[in-house]
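Working notes, beginning with the structure itself.
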Amino acid sequence: MPELPEVEVLCYSLIPFVLNKVITRIVIYQYSLRYPVPNNLEDKLVGQTINTICRIGKYILFKTQKGTIISHLGMSGNFVIKNKNHIIAKNEHVIIGFDNFDLCYIDNRRFGLILWTENDPLTHKLLKNVGIDPFSDKFTVHFLWRSLLSKKTNIKQFLMNGKIISGIGNIYANEILFISKINPYTVSRSIPFEKCQILFNNIRQILQLAIQYGGTSIRNYIDAHGISGSFQNKLKVYGKAGHTCSMCNMYSLVIVKINQRSTVYCPYCQK
DNA sequence: ATTGGAACCTGGTGGC
DNA sequence: TGCCACCAGGTTCCAA
């Protein structure tokens, strides 16, 4: 479910529920996520107030006075607000309980994680290598240009490399390359500066638009209010292999695997 | 130092 | 209906 736009929308939708609220209970049904859920979470969190909620790359951080919950949704994770005494869903692994509601972490594939740190979260092993956020002031055309020159991999993998730019996953990498008219196999360092400028603008544009539409909801993604995003209706290539390209109205969109991820593109438009 | 591939999981879908 | 292969919004780890 989660690339930058989905995580951003979820994060934002959680704020009115959990910000400045006191955690009253912790229930862990499944410790085995990408990393084990800390078994002292209850001791650490009950009585604590959530002071800040923020997104770093695809991570969501919940800060309290004593420390920070570091979470990541993996491929299928989600946080959902439920009534107290709700029926426990399958794959509901962790409940962070508040006075009047429960914040539930649900994740069928268990590639996500919930961890706790009492140090500066930015120094945490998982966060210290998170790349530049596309909406940060530090993300500039020149940063992108220098990064492109430093890599010999294909541009698709470059965009999905969260250690360079954080937040772009498979869906948006496909969409960004399509509107930028860049072939996904193109070697990063061979991209000319003019294309780099186009790419730069499109990265922000696509992600911004996806956020405005509430993210992309295929399969099961919903925000904390239970609302689905609608950017799936705006997708031009992802999930559209075999359809006629919307740019040239001539060639069929082709699907290939690049670094084990489905990649859809127009061989005519994306040279 | 880089990079491609396997691994971690569950659940849904389509073909036979 | 059942079984099986394959697919899925991500990331880390290991071997070449």
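All of these numbers come straight from a predicted model, not from anything done at the bench. When reading the values below, keep in mind they use all heavy atoms of this one structure, side chains included, and skip hydrogens, waters and symmetry mates. Proteins come first, then strands; the chains are lettered A, B, ... in the order of their sequence lines, and each starts at number 1.
- At the phosphate of dT2(B), neither OP1 nor OP2 sits under 4.0 Å from any side-chain N or O atom of K151(A).
- Atom pair K90(A):NZ and dT10(B):C1' shows a separation of 8 Å (rounding to whole Å applied).
- Checking the phosphate oxygens (OP1, OP2) of dG10(C), no side-chain nitrogen or oxygen of H72(A) falls inside 4.0 Å.
- Under 4.0 angstrom from either OP1 or OP2 of dC9(B) there lies no side-chain N or O belonging to N108(A).
- OP1 or OP2 of dG4(B) lies within a sub-4.0 Å distance of a side-chain N or O belonging to Q157(A).
- Electrostatic pairing of D99(A) and K84(A) does not count as a salt bridge here, judged by no charged N lying under 4.0 Å from a carboxylate O.
- Between the NE2 atom of H124(A) and the CD1 atom of I56(A) there is a distance of 11.5 Å, given to the nearest 0.5 Å.
- Judged purely by distance below 3.5 Å, without hydrogens or angles, the side chains of K156(A) and N170(A) pair a donor atom with an acceptor atom.
- The shortest distance between the side-chain N/O atoms of R34(A) and the OP1/OP2 oxygens of dC8(B) is not below 4.0 Å.
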(message) Both atom distances under 3.5 Å, Watson-Crick or G-U wobble: I'd like the secondary structure of DNA chain B as a dot-bracket string, with | for pairs made across strands.
(response) .|||||||.|||||||
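- For R109(A), no side-chain nitrogen or oxygen approaches OP1 or OP2 of dC8(B) to under 4.0 Å.
- In this entry the distance linking NZ of K163(A) with C1' of dG10(C) reads 12 Å, nearest Å.
- The aromatic rings of F62(A) and F79(A) sit perpendicular, their planes meeting at an angle over 60°, well past the 30° parallel limit.
- The NZ atom of K240(A) sits 19 Å away from the P atom of dC7(C) (whole-angstrom rounding).
- In this structure, Y59(A) has its ring center closer than 6.0 angstrom to the ring center of H72(A).
- Partner of F200(A) under the ring pair (Phe, Tyr, Trp, His ring centres under 6.0 Å) criterion, chosen from W145(A), F139(A), F193(A): F139(A).
- dT10(B) atom P lies 19 Å from atom OH of Y29(A), rounded to whole Å.
- Residue Y31(A) contributes atom OH, which lies 20 Å from atom C1' of dC9(B) at whole-angstrom precision.
- With centroids closer than 5.5 Å and planes inclined by less than 30 degrees as the test, F111(A) and the base of dC8(B) pass as a stacked pair.
- A cation-pi contact links K271(A) to Y268(A), judged by a cut-off of 6.0 Å to the six-membered ring centre and 45° from its axis.
- Y105(A) has its OH atom 14 Å from the P atom of dC9(B), to the nearest Å.
- Remark: K257(A) is in phosphate contact with dA8(C), judged by side-chain N or O atoms under 4.0 Å from OP1 or OP2.
- Residue K152(A) is the one, among S32(A) and K152(A), whose nearest nucleotide of DNA chain B lies closer to the 5' end (criterion: closest heavy atom).
- Put simply, CD on E3(A) is 9 Å from P on dT11(C), counting in whole angstrom units.
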